[in-house]
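A quick write-up on the structure given underneath.
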Amino acid sequence: MGIKFIASCTLECTEFVAGVPESLCCTSGNGGDGLLPYPHHSLAGVPVRDITFVQTKGDFEAFRGVWRVQPGGGGSSTFLCYSVFVKPQAWLPVFLIESRITSELSANLMALQQHAERVYASSRVSSSASTINDGEPDGEPDGEPDGEPKGGPEEEPKGWLRMV
């Protein structure tokens, strides 16, 4: 169609370590009422951590949502569920930007996954490089063999990020 769309926004983000209170969410609807859209596809009975975001300025009339993170697969993966409400300016039809927003969100989530994996791998390298003498980062003896910090070897990476 030849249309180029670029948008920007500034978001206010808040973390809720025990999940966003339902009083802040629209549980029956999409969030068009000014409340946050509720992440309906989360895992039932599994602890949640939520990050909410609300546009404070930008190119959309409204942009807000919730990222819900939950342990999945017996601790071997992380389940991410997101719910977003986007209302473009009146002059911009939704169908023109819907697929672009979806593809950009997928690309951003993949970049987030790759970054998290790099940070984790880097922390493992730093941790083993800082192990001195008997495995204690502080150099204090603990009676364990060199290279094995107290409590045994570090756990292996815990899997991947699943997007819904």
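Position 1 is the first residue of the sequence, and the numbers go up from there. Here the structure is a predicted model, which means the values were calculated and not measured.
The side chain to side chain contact (heavy atoms under 4.5 Å, CB included) check on E22 picks up T27, Y38, with sequence neighbours excluded. The side chain to side chain contact (heavy atoms under 4.5 Å, CB included) check on S8 picks up D59, with sequence neighbours excluded. Checked against side chain to side chain donor-acceptor pair (under 3.5 Å), S42 has the following partners two or more places apart in sequence or in another chain: R68. Under the side chain to side chain donor-acceptor pair (under 3.5 Å) criterion, Q114 pairs with no residue at all, not counting sequence neighbours. Remark: E12 engages no residue in a side chain to side chain donor-acceptor pair (under 3.5 Å) (not counting sequence neighbours).
Put simply, the side chain of Q70 never gets that close to the backbone of T78: no donor and acceptor are under 3.5 Å apart.
With a 4.5 Å cut-off between side-chain heavy atoms of Ile, Leu, Val, Met, Phe, Trp and Tyr, the cluster of V54 takes in F16, V20, L24, L36, V66.
Among all heavy-atom pairs drawn from E15 and R49, the shortest one is OE2-NH2, 2.6 Å. Taking each heavy atom of L43 and P71 in turn, the nearest pair found is CD1-O, 4.0 Å.
Residue C81 holds its SG atom at 11.0 Å from CH2 of W67, rounded to the nearest 0.5 Å. For the atom pair F53 CZ and Y82 OH, the distance stands at 9.5 Å (nearest 0.5 Å).
Contact check for L11 versus T56: no side-chain heavy atoms found under the 4.5 Å cut-off. In this structure the side chain of C13 never reaches within 4.5 angstrom of the side chain of T52, judged on heavy atoms. Inter-residue side-chain proximity for R64 and P37 is flagged as met; some heavy-atom pair is nearer than 4.5 Å. Proximity of V69 to F79: side-chain heavy atoms (C-beta onward) are nowhere separated by under 4.5 Å.
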Please lay out, stage by stage, how C26 and D33 fare under the test side chain to side chain contact (heavy atoms under 4.5 Å, CB included). CA-CA 7 Å; C26 175; D33 55 4; 3.2 Å; yes
